[in-house]
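Data block below; observations after.
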Amino acid sequence: MSLKHKAIEIADDLKREDEIKVCCTTCPQECVITVQLKKGIIDSVAGEGCKRGKKFAQKEMTTPERTLTSTVMVTCGGKAALLPVKTAAPIPKKAMTLAMDVIRKTKLIGPCQMGDVVIANICGTGVDVVACRSIKEENHAC
């Protein structure tokens, strides 16, 4: 089914006739994709270099998502260190600010392993925040 026959509602802040360019991040080609809007509905998508590009552009216009990376303070063995963390999957862009507020307030005690869940189901997104490295008591320095 072509996009002209399928009405796809876009994000509220883009409800107008316009041409929007998005840079696809699904493969190394990084295609610049042009999305044509008519009355707040995606009319056409052009410029994708692979079959994933069209789907990416539609998602970017309707419900954009990003992987969030940050750090959390960990106290281990009497010393403090910053633990790099990330969301295990992309979360909605609208939830990013609230998620960062939660991450900033999080403090851990004790050692942790890479992949450990640091915050479960951040902001009700169904996505966990996980540790990106291990911090052990005997060698916890960054």
Audit row: K59, T63, side-chain hydrogen bond (donor to acceptor under 3.5 Å, both in side chains) steps and yes/no = CA-CA 5 Å; K59 186 148 183 74; T63 54; 3.3 Å; yes
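- To the nearest 0.5 Å, atoms NZ (K39) and CG (D18) are separated by 15.5 Å.
- A salt bridge is defined here as a Lys NZ or Arg NE, NH1 or NH2 lying under 4.0 Å from an Asp or Glu carboxylate O, and E19 with K38 fails to meet this definition.
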For side chain to side chain contact (heavy atoms under 4.5 Å, CB included), just list the numbers for L83 and L108, CA-CA rounded to whole Å, side-chain angles, deciding distance to a tenth of an Å, and then say yes or no.
-> CA-CA 9 Å; L83 172 69; L108 302 176; 3.9 Å; yes
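- In the hydrophobic clustering of ILVMFWY residues, with side-chain heavy atoms under 4.5 Å counting as a link, V72 and V129 come out together.
- Taken together through direct or relayed side-chain contacts under 4.5 Å among Ile, Leu, Val, Met, Phe, Trp and Tyr, M100 and V102 form part of one hydrophobic cluster.
- Residue L37 is grouped with residue I33 when hydrophobic side chains (ILVMFWY) are merged at heavy-atom distances under 4.5 angstrom, including chains of intermediate members.
- When the side chains of ILVMFWY residues are joined at heavy-atom separations under 4.5 Å, either directly or via intervening members, V22 and V45 end up in a single hydrophobic cluster.
- Under the 3.5 Å distance criterion, the side-chain polar atoms of D101 are left unmatched by any main-chain donor or acceptor of K105.
- A 4.5 Å side-chain heavy-atom check between V118 and C112 finds every atom pair outside the cut-off.
- With hydrogens and angles disregarded, no donor-acceptor distance shorter than 3.5 Å links the side chain of R66 to the backbone of K93.
- Here D116 contributes atom CG and R133 contributes atom CZ; the two are 13.0 Å apart, rounded to the nearest 0.5 Å.
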Show your reasoning for whether salt bridge (Lys or Arg N to Asp or Glu O under 4.0 Å) applies to E60 and K55.
-> CA-CA 9 Å; E60 189 65 14; K55 187 175 180 180; over 6 Å; no
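- Inter-residue side-chain proximity for E30 and P28 is flagged as unmet; no heavy-atom pair is nearer than 4.5 Å.
- At a threshold of 4.5 Å between non-hydrogen side-chain atoms, the residues I122 and I103 count as touching.
- Between C31 atom SG and K54 atom NZ the span is 13.0 Å, to the nearest 0.5 Å.
- Distance NZ/K21 to OG1/T34: 3.0 Å, rounded to 0.5 Å.
- No donor-acceptor contact under 3.5 angstrom links the side chains of K86 and T67, judged on distance only.
- Side-chain atoms of T87 come within 3.5 Å of backbone atoms of L68 as a donor-acceptor pair (strictly under, hydrogens ignored).
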